[in-house]
Each structure stands twice: as C-alpha cells, then as structure tokens.
Protein chains: 2
Amino acid sequence: MDTQLDTFFAALSDPTRRAVIERLTQGPAPVSELHAPHDMALPSFLKHLRRLETAGLIRSEKTGRVRSVRLAPEPLRQAEDWLNRQRKLWEGRTDRLQALAEALERKPS
Amino acid sequence: MDTQLDTFFAALSDPTRRAVIERLTQGPAPVSELHAPHDMALPSFLKHLRRLETAGLIRSEKTGRVRSVRLAPEPLRQAEDWLNRQRKLWEGRTDRLQALAEALERKPS
DNA sequence: GCGATACTTAGCCAAATGGATACCCAACTC
DNA sequence: GAGTTGGGTATCCATTTGGCTAAGTATCGC
C-alpha cells in the first residue's frame, strides 16, 4: 500500500545510511567525502546513496566530475509524523486506562 | 553499530507490520484478530509479529491457547527522537543559511 | 475423549539486500 | 596528451526477507 513510508523506513534501517543522513545535516558534501569514513568499497557505498535518493531523503547534482549530495527538504518530517501519531494514540489510550483504574480504585463497587 | 534503530526502522518498513502497530494503538488483541484483515497465511503473518517483537515494538503473552499482543511501552519514541534530532539539525542549518543570505542582501559588499 | 480452535514449527522458494571485484569513462592537472 | 582523480557500471555472491504448504501441539467445548 504505502510505498512512501516503506522505502522511507527501509532507507533508515541501515547504520551506514543513517550516518550519511547525520553527516548531511551539517551541510552538503561530495560523494567521496561522504564515503571516506565508511570502511566499504565505493560501489557498495554508492548503492546506499542510490537507495537514499530513491527514498527521497537526499538529492544530488553533478558538476564536473564531482557529485554534490544534500538532504531533501520535507521528508524526514513524514516518518516523524507517522510515529508521532501512533505514539499519541497509544498514550491517549493508556491515559484513559489509568483514569479508569484510578476511578475504580476510588469507588470499588 | 546501532542494532536498536536498525531492527526498529526495519520493522516499520513493512505495511503489514505498520498496520499491526496502528491496530494495537487501540488496545491489545489476540493473534487471530490481528491476522484477520490481512490476506495472508497465518504462518507468514506470525513472522511479522515475531519481527515486531524482536524489534521490541510489541510484547505478547499466552493464556490458554490464545496469545494476546500489545504495544511495548517506550520504543516508538526512540525512533521519533532520532528523526526529530536530525530534522532539527537540518532546519537549524537552513535557518542559519537564510539568515546569512538575508544579511548579505541587506548589506551587499 | 473427540473434534474444533488457536497457534507453532519445519521446510521450500523467489526476490531483494549488502557486500565484493573488475573494468569503464569523463574531466582536471601538469 | 598522459596520468590521476572522482564516479559509475556490470557481475557475482551469501544472506535475509516475505510468502507458501504441510504437519504438529495444546487448549477448550461438549
């Protein structure tokens, strides 16, 4: 059904890819710089970048032989929204349960 | 590195599993009830439940022949925290960039 | 206690994932 | 214009994933 969130969460389920995201919060960077800290062959690393890009989390642009990569504007918020909604529903429910429990305790029938 | 977030996001990357989470925000349910809306053989569905449980998102307890499943207390917030942190870092940066751009515009050297 | 109910385990299979190597191509550098 | 640098492509490989069927176990209801 919801391919958006699918590829989104899948993209974030890998430590290499999350590290790339974290790095990019500090600003755009070329591929080689993003690759440097990761002990991995470049083609393997490029796969991760492509997965992030098809998930819509990053964008990139090539100038000369250098490809510059940056975070995409909106999409982190989408996943966050989903999580937030679920958590609120769940917390609302437990709150009501606590209220019920307390009510029963005050007035044990 | 961070196996916590790995299994966490991976668990949320599947629509069946997200649907289970959504259902569980309304309260605990037995396996058969969770399974009902999904057009899938029970053993396949149980794999999803096991993945959610090893990711720490749900807990379950068997009474008689029925296994009751409920949301785990804390963990939705963890993923949310990570996303929130990244988003804030990124937004902070773009804010500073905007401020810089505006400053340059006001006082073009 | 016998059948139905509610899982559970054991295997099988195709496709996707995450890594590798080997080789290619374009664009700066001198 | 020859070499180096920064990516990119093509394969290959082992493992994981997400589905299945078949068969098992342990209540529960009568």
Side-chain angles (χ1 to χ4, degrees), chain A residues 1-24 27-71 79, chain B residues 1-24 27-71 79:
Chain A
M1 187 182 289
D2 195 351
T3 299
Q4 276 291 80
L5 282 175
D6 280 15
T7 58
F8 205 98
F9 282 123
L12 293 177
S13 74
D14 182 279
T16 301
R17 291 193 290 263
R18 282 198 308 278
V20 169
I21 297 294
E22 294 188 16
R23 165 64 187 79
L24 288 178
V31 169
S32 50
E33 186 184 325
L34 291 174
H35 172 227
H38 301 283
D39 189 19
M40 179 188 300
L42 181 59
S44 311
F45 184 74
L46 285 179
K47 278 198 194 174
H48 287 298
L49 284 188
R50 243 168 279 133
R51 253 155 95 53
L52 284 172
E53 191 149 18
T54 62
L57 278 163
I58 64 173
R59 303 207 182 153
S60 69
E61 198 181 352
K62 194 163 182 177
T63 350
R65 49 180 180 175
V66 175
R67 175 172 298 275
S68 179
V69 183
R70 61 191 166 79
L71 271 191
Chain B
M1 188 182 286
D2 195 350
T3 299
Q4 276 292 79
L5 282 176
D6 280 16
T7 58
F8 206 98
F9 283 122
L12 293 177
S13 74
D14 182 279
T16 300
R17 291 192 290 264
R18 282 199 307 278
V20 169
I21 297 294
E22 293 189 17
R23 165 63 187 80
L24 288 178
V31 169
S32 48
E33 187 184 326
L34 292 174
H35 171 227
H38 301 284
D39 188 19
M40 178 186 302
L42 181 58
S44 312
F45 183 75
L46 285 178
K47 278 198 194 175
H48 288 298
L49 284 187
R50 241 168 280 132
R51 252 155 95 54
L52 284 171
E53 189 148 21
T54 62
L57 278 163
I58 64 173
R59 302 206 183 153
S60 68
E61 196 181 354
K62 195 162 184 178
T63 350
R65 49 181 178 174
V66 175
R67 175 172 298 277
S68 179
V69 183
R70 60 191 167 80
L71 272 191

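Just the heavy atoms: all of them, side chains too, but no hydrogens, waters or symmetry mates, feed the values below. By convention in this document, chain letters (A, B, ...) are assigned in the order of the sequence lines, proteins followed by strands, and residues within each chain are numbered from 1.
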- Item | B:Arg23 and B:Glu33: CA distance, side-chain angles, deciding distance, salt bridge (charged side-chain N to carboxylate O under 4.0 Å, His left out) verdict | CA-CA 10 Å; B:Arg23 165 63 187 80; B:Glu33 187 184 326; 2.6 Å; yes
- Message: Give the residues of residues 41-48 of chain A touching DNA chain D, defined as any heavy atom closer than 4.0 Å, sorted by residue number.
- Response: A:Leu42, A:Pro43, A:Leu46
- Message: How many whole angstroms separate atom CG of A:Leu49 from atom C1' of C:dG19?
- Response: 15 Å
- For A:Arg65, which contact category applies under a 4.0 Å heavy-atom criterion: base, sugar-phosphate, or nothing? base
- Message: In whole Å, I'd like the distance from the CZ atom of B:Arg50 to the P atom of C:dA10.
- Response: 10 Å
- Query: Quick one: OG1 on A:Thr7 to CZ on A:Arg51, what's the gap to the nearest 0.5 Å?
  - Reply: 8.5 Å
- Specify the closest pair of heavy atoms between B:Val69 and B:Ser60, including all atoms of both residues, with the distance to one decimal. CG2-CB, 4.0 Å
- Between B:Pro28 and B:Ser68, which heavy-atom pair has the shortest distance, and what is it? CB-OG, 4.1 Å
- Query: For the side-chain contact (heavy atoms from CB on, under 4.5 Å) test, which of A:Arg18, A:Lys47, A:Arg59, A:Arg17 pairs with A:Leu52?
  - Reply: A:Arg17
- Note on the structure: To the nearest angstrom, the NZ-P distance between A:Lys62 and D:dT5 comes to 17 Å
- How close or far is atom P of D:dG18 from atom CG of B:Leu12, stated in whole angstroms? 12 Å
- Query: Does anything in residues 31-40 of chain A reach DNA chain C, meaning a heavy atom under 4.0 Å, and if so which residues?
  - Reply: A:Met40
- Item | Between P of D:dT15 and CG of A:Asp14, the distance in whole Å | 18 Å
- Task: Would you give the length of the straight line joining atom CG of A:Leu24 to atom CG of A:Leu57, rounded to the nearest 0.5 angstrom?
- Result: 10.0 Å
- Query: Just how far, in rounded Å, is P of C:dT8 from CD of B:Glu61?
  - Reply: 13 Å
- From A:Leu5 atom CG to B:Leu12 atom CG, the distance as rounded to the nearest 0.5 Å: 9.0 Å
- Message: Under the criterion side chain to side chain contact (heavy atoms under 4.5 Å, CB included), I'd like the reasoning laid out for A:Leu49 against A:Leu46: C-alpha separation, chi angles, the key distance, then a yes or no.
- Response: CA-CA 5 Å; A:Leu49 284 188; A:Leu46 285 179; 4.2 Å; yes
- Measure up the A:Phe45 and A:His35 rings against each other and bin them: parallel (under 30°), tilted (30 to 60°), perpendicular (over 60°). tilted
- Message: Strictly below 4.0 Å: does A:Arg51 bring a side-chain N or O up to OP1 or OP2 of C:dA16?
- Response: no
